[in-house]
Amino acid sequence: MAAIAPSPVLPAIAVPRAAKVPPATVESWWVRGLLIGIALGFLTLFLFVPLVAVFAEALKKGWDAYLAAIVEEDALAAIRLTLLTAAIAVPLNLVFGIAASWCIARFEFRGKSILLTLIDLPFSVSPVISGLIYVLLFGAQGWFGAWLLDHNIKILFAVPGIVLATVFVTFPFVARELIPLMQSQGSEEEEAALVLGASGWRMFWHVTLPNIKWGLLYGVILCNARAMGEFGAVSVVSGHIRGQTNTIPLQVEILYNEYQFSAAFAVASLLALLALVTLALKSFIEWRLRNGHDVRAVQEEQFQEQGS
């Protein structure tokens, strides 16, 4: 048997190392410190200081004065009206947001871009202008004013007008949270449920709703915060009737204009607490959404590996 000749050993070739270039996003320590300092200074000046000032002024005369301002008759009426308005506006926007997002994310149709534009309309129109629209429609000299007067139906300077104005300025929040979420998730799971024999409602309750629940809750929280804190549109249609058509923001304005500063800040602290609770819930839901996307990505990777 012939012996196999060993292969010649080639000399090693030195490969020069490429020069290490720092990423474009890496800055020197003093630039990072400057940017962080500017951000913290901005937040302190425009967020933390006003927030502390609200509670400091509210408690300036002690807890007794603070509680007395909150349980005062007109303040309680404003709180009740604010809660009632939010309790009506938020469920209406919830239903509209789900229907609009389902329609836009799942179907292609003529006028889809127009519907998206109409959903964004409250973001581009001043709340005061939206309130004036209802005055032109339902006021005494408005298009339907004479008919409403003849039938003894009161919309302006009453609860219906406040609810309508609040619904208008808050209806984009739920839809705008759900549309990109549903578009990114796709419709494969829903199509699979239909193929397996599920009805439309069963598919919605067991497939669609669990997938969008955190995004839906996120939109509801933002909608509720805006509904309870709305000032411009409600101010136009409310009439500022004490104990009847004043919401919490309007009550704060009246107390401040009457130089009842401690009472005004006491009532305003309720909205500040609402903002803090909203921020905490918002951060929690963002964390859950982020974790949900990570889990979904891992499941898709495992599914692809099993398929291959």
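Quick caveat, the model's predicted, so the values are computed rather than measured.
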> Do Phe48 and Leu43 touch side chain to side chain, with heavy atoms closer than 4.5 Å?
Replying inline: yes
> Hey, mind stepping through Ile104 and Gln183 against side-chain contact (heavy atoms from CB on, under 4.5 Å) and telling me if it holds?
Replying inline: CA-CA 9 Å; Ile104 292 172; Gln183 287 176 337; 4.2 Å; yes
> To the nearest 0.5 Å, how far apart are CG in Leu148 and CD1 in Ile155?
Replying inline: 5.0 Å
> Is there side-chain contact between Thr85 and Leu81, with at least one heavy-atom pair below 4.5 Å?
Replying inline: yes
> Among pairs that include at least one residue of residues 217-252, which meet ring pair (Phe, Tyr, Trp, His ring centres under 6.0 Å), considering only residues two or more places apart or in two chains?
Replying inline: none
> Can you name the residues that form a ring-ring contact (aromatic ring centres under 6.0 Å, His included) with Phe173, not counting sequence neighbours?
Replying inline: Phe123
> Is Leu84 reachable from Val167 through a run of I, L, V, M, F, W or Y residues, each pair having side-chain heavy atoms under 4.5 Å apart?
Replying inline: yes
> Which pair of heavy atoms, one from Ile248 and one from Thr82, lies closest together, and at what distance?
Replying inline: N-OG1, 2.9 Å
>> Suppose we screen for ring-ring contact (aromatic ring centres under 6.0 Å, His included). Which residues come up paired with Trp147, at least two apart in sequence or across chains?
In response: His151
> So which pairs with a foot in residues 252-272 pass side chain to side chain donor-acceptor pair (under 3.5 Å), sequence neighbours left out?
Replying inline: Tyr66-Ser269, Arg242-Glu258, Glu258-Gln260
> With under 30° as parallel and over 60° as perpendicular, where do the rings of Phe284 and Trp287 fit, or are they tilted in between?
Replying inline: tilted
>> Could you report the tightest heavy-atom contact between Thr278 and Ala225, atom names first, then the distance?
In response: OG1-CB, 3.8 Å
>> Please tell me whether Leu273 and Leu281 are part of a single hydrophobic cluster in this structure, the criterion being side-chain heavy atoms less than 4.5 Å apart.
In response: no
> If you link I, L, V, M, F, W and Y whenever their side-chain heavy atoms are under 4.5 Å apart, who else ends up in the same group as Phe46?
Replying inline: Phe42, Leu45
> Are Phe138 and Trp143 in one and the same hydrophobic cluster, where Ile, Leu, Val, Met, Phe, Trp and Tyr link if side-chain heavy atoms are under 4.5 Å apart?
Replying inline: yes
> Do any pairs count as a side chain to side chain donor-acceptor pair (under 3.5 Å) and have a residue in residues 94-115, sequence neighbours left out, and if so which ones?
Replying inline: Arg106-Glu190, Glu108-Lys112
> Quick one: OG1 on Thr245 to CD1 on Ile162, what's the gap to the nearest 0.5 Å?
Replying inline: 5.0 Å
>> A side-chain contact here means heavy atoms from C-beta on lying under 4.5 Å apart; do Pro122 and Arg226 qualify?
In response: no
>> I need the minimum non-hydrogen distance between Glu230 and Thr247, along with the two atoms involved.
In response: O-OG1, 4.4 Å
> Okay, side chain of Asn211, backbone of Val207: is any donor-acceptor separation there less than 3.5 Å?
Replying inline: yes
> Between Ser130 and Val169, what is the shortest heavy-atom contact and its length?
Replying inline: OG-CG1, 3.8 Å
> Is the shortest heavy-atom distance from the side chain of Ile254 to the side chain of Asn246 under 4.5 Å?
Replying inline: yes
>> Using 0.5 Å steps for rounding, measure from the CG atom of Leu137 to the CG atom of Leu132.
In response: 11.0 Å
> What is the distance from atom NZ of Lys154 to atom CG of Leu156, rounded to the nearest 0.5 Å?
Replying inline: 9.5 Å
>> For residues Ile153 and Phe144: do they belong to one hydrophobic cluster (side chain heavy atoms under 4.5 Å, members Ile, Leu, Val, Met, Phe, Trp, Tyr)?
In response: yes
> For Met228, which of Leu270, Leu83, Val90, Ile79 qualifies under side-chain contact (heavy atoms from CB on, under 4.5 Å)?
Replying inline: Leu83
> Which heavy atom of Leu271 sits nearest a heavy atom of Gly229, and at what distance?
Replying inline: CD2-CA, 4.5 Å
> Of the non-hydrogen atoms in Thr166 and Val234, which two are nearest, and what is the gap between them?
Replying inline: OG1-CG2, 3.7 Å
>> Nearest 0.5 Å, please: how far is CZ in Phe171 from CG in Leu92?
In response: 12.5 Å
> Which value, rounded to the nearest 0.5 Å, describes the distance between Trp214 atom CH2 and Glu177 atom CD?
Replying inline: 14.5 Å
> Any chance CD1 of Ile114 has more than 12 other-residue heavy atoms, nucleotides or ligands included, within less than 6.0 Å?
Replying inline: no
> Under 4.5 Å between side-chain heavy atoms, hopping through other hydrophobics if needed: is there a path connecting Leu216 to Met182?
Replying inline: yes
